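I'd like to ask some things about the structure below.
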Amino acid sequence: MAEFQKLFPNIDVQAEFYLGAFYGGTHNGLPMIKMYEQYPRYFFIFGYGDNGTVYNQVLGRIVKNLIETGKDENLSLYN
């Protein structure tokens with residue numbers, strides 16, 4: 001709101017709602033792919049933080065390779 005007021009000082013605006021976000025993370029800052037015995041055909045992708053969308057795209061490609069070929073050389077980086 002302060003930045004808006006700087007740009008448009010003659011417009012009086014009031015926010016009705018504010019939105020905040022929570023960021024999760026891992027101990028090393030890297031995303032993870034997990035597989036659990038109780039869910040044998042499921043892959044869990046954990047991409048957190050500001051780069052979560054990018055991480056999820058990269059991990060999605062790894063999961064695609066795992067589904068199609070059963071392997072991916074980069075899996076050990078995120079497992």
Side-chain angles (χ1 to χ4, degrees):
M1 295 302 300
E3 291 299 317
F4 183 89
Q5 292 295 339
K6 286 181 193 176
L7 292 171
F8 305 100
N10 296 327
I11 300 174
D12 184 33
V13 295
Q14 299 295 322
E16 289 189 35
F17 301 97
Y18 288 93
L19 177 64
F22 294 99
Y23 287 96
T26 58
H27 68 284
N28 61 5
L30 292 175
M32 297 181 294
I33 296 175
K34 291 293 184 185
M35 296 158 280
Y36 298 97
E37 288 182 21
Q38 61 268 42
Y39 302 103
R41 295 186 318 228
Y42 289 77
F43 296 91
F44 295 86
I45 296 175
F46 303 100
Y48 299 106
D50 293 332
N51 293 317
T53 302
V54 175
Y55 288 148
N56 289 325
Q57 183 177 5
V58 170
L59 298 181
R61 290 179 184 200
I62 292 172
V63 168
K64 178 186 88 58
N65 291 338
L66 291 171
I67 292 169
E68 290 179 350
T69 67
K71 61 184 176 182
D72 187 282
E73 62 187 28
N74 297 309
L75 178 61
S76 63
L77 297 171
Y78 303 105
N79 195 357

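Note that the numbering runs from 1 along the sequence shown for the chain. In what follows, every heavy atom counts, from backbone to side chain, and hydrogens, waters and symmetry copies are set aside. Worth saying up front: this structure is predicted, and the values here are computed from it rather than measured.
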What residues form a side-chain hydrogen bond (donor to acceptor under 3.5 Å, both in side chains) with E68, not counting sequence neighbours?
-> K64
How would you list, by chain and number, every residue that makes a side-chain hydrogen bond (donor to acceptor under 3.5 Å, both in side chains) with K6, sequence neighbours excluded?
->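 With neighbours one apart ignored, the set is E3.
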Can you tell if the side chain of I67 reaches within under 4.5 Å of the side chain of F43, non-hydrogen atoms only?
-> yes
Report whether L59 and L77 are members of the same hydrophobic cluster (ILVMFWY, side-chain heavy atoms less than 4.5 Å apart, transitive linking).
->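 Yes, L59 and L77 fall within the same hydrophobic cluster.
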Heavy-atom closest pair (P31 atom, G47 atom, distance to 0.1 Å) is CB-CA, 3.9 Å
May I ask whether L66 and Y42 are part of the same hydrophobic cluster, defined by side-chain heavy atoms of I, L, V, M, F, W, Y residues being less than 4.5 angstrom apart, directly or through others?
-> no
CG of N10 to CD of Q5: how many Å apart, nearest 0.5 Å?
->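 Atom-to-atom, N10:CG and Q5:CD are 9.5 Å apart.
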Look up atom CG in N79 and atom CG in D72, then write down how far apart they are to the nearest 0.5 Å.
-> 11.0 Å
Tightest non-hydrogen contact, residues L75 and M35, listed as CD2-CE, 4.1 Å
More than 12 heavy atoms from other groups under 6.0 Å of CD on Q38 | yes
Mind checking whether I62 and I45 sit in one hydrophobic cluster, side chains of I, L, V, M, F, W, Y counted as touching below 4.5 Å?
-> yes
Give the cluster check for M32 versus Y55: same hydrophobic cluster or not, with ILVMFWY residues linked at side-chain heavy-atom distances below 4.5 Å.
->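 Hydrophobic grouping puts M32 apart from Y55.
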Spell out, yes or no, whether I33 and Y39 are grouped together once hydrophobic residues are joined by side-chain heavy atoms under 4.5 Å, including indirect joins.
-> no
